[in-house]
Amino acid sequence: ESKPFLHEALKAYSEERKDHVRFHQNASRLLTPFFQSASTPVKSTLRDNFLKAMLKIPYARQQMTRIFTGVKKGVFTEVNPGKWNKKYSI
């Protein structure tokens with residue numbers, strides 16, 4: 001029967017994503033006020049200028065890409081997608 005296997009697989013998947021989900025929830029909580037349409041002009045200007053500046057710094061650009069692609073698990077940690085398939089290794 002596959003039910004025990006499925007239950008264990010889902011449990012392992014959930015455990016594997018725990019840090020990633022926590023990181024993204026915290027980042028969303030922190031950044032949401034800067035992206036809301038009712039945001040003050042000061043917040044939106046800060047956001048736009050900050051993101052433009054960060055895109056010019058190779059390391060910052062790389063980290064932003066890793067955040068948006070779901071690779072980051074924390075400020076200093078990330079998952080290597082190559083763990084699941086060699087062609088996606090970083």
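Along the sequence shown, residues are numbered consecutively beginning with 1. What's counted below: heavy atoms across the whole structure, side chains too, no hydrogens, waters or symmetry copies.
The main-chain N or O of Val75 is found under 3.5 Å from a side-chain atom of Lys72 such that the two form a donor-acceptor pair. Ser44 places a side-chain N or O within donor-acceptor distance of the main-chain N or O of Pro41, the cut-off being under 3.5 Å.
Here the CD-NZ distance, from Glu8 to Lys11, works out to 5.5 Å after rounding to the nearest 0.5 Å. Summarising the geometry, atom CG belonging to Leu51 is positioned 10.5 Å from atom CZ belonging to Phe34; distances are rounded to the nearest 0.5 Å. Taking CD of Gln25 as the reference point, atom CG of Leu30 lies at 13.5 Å (rounded to 0.5 Å). Summarising the geometry, atom CE belonging to Met54 is positioned 12.0 Å from atom OH belonging to Tyr59; distances are rounded to the nearest 0.5 Å.
Contact detail for Arg61 and Leu55: the closest heavy-atom pair is NH1-O, 3.5 Å.
A salt bridge is defined here as a Lys NZ or Arg NE, NH1 or NH2 lying under 4.0 Å from an Asp or Glu carboxylate O, and Glu78 with Arg66 meets this definition.
Put simply, the side chain of Glu16 reaches to within 4.5 Å of the side chain of Val79, judged on heavy atoms. Residues His24 and Ile67 are in side-chain contact: their nearest non-hydrogen atoms beyond the backbone lie under 4.5 Å apart. A heavy-atom distance below 4.5 Å is not found between the side chains of Leu31 and Arg47.
A continuous path of ILVMFWY side-chain contacts below 4.5 Å connects Phe68 to Phe50, so both sit in one hydrophobic cluster.
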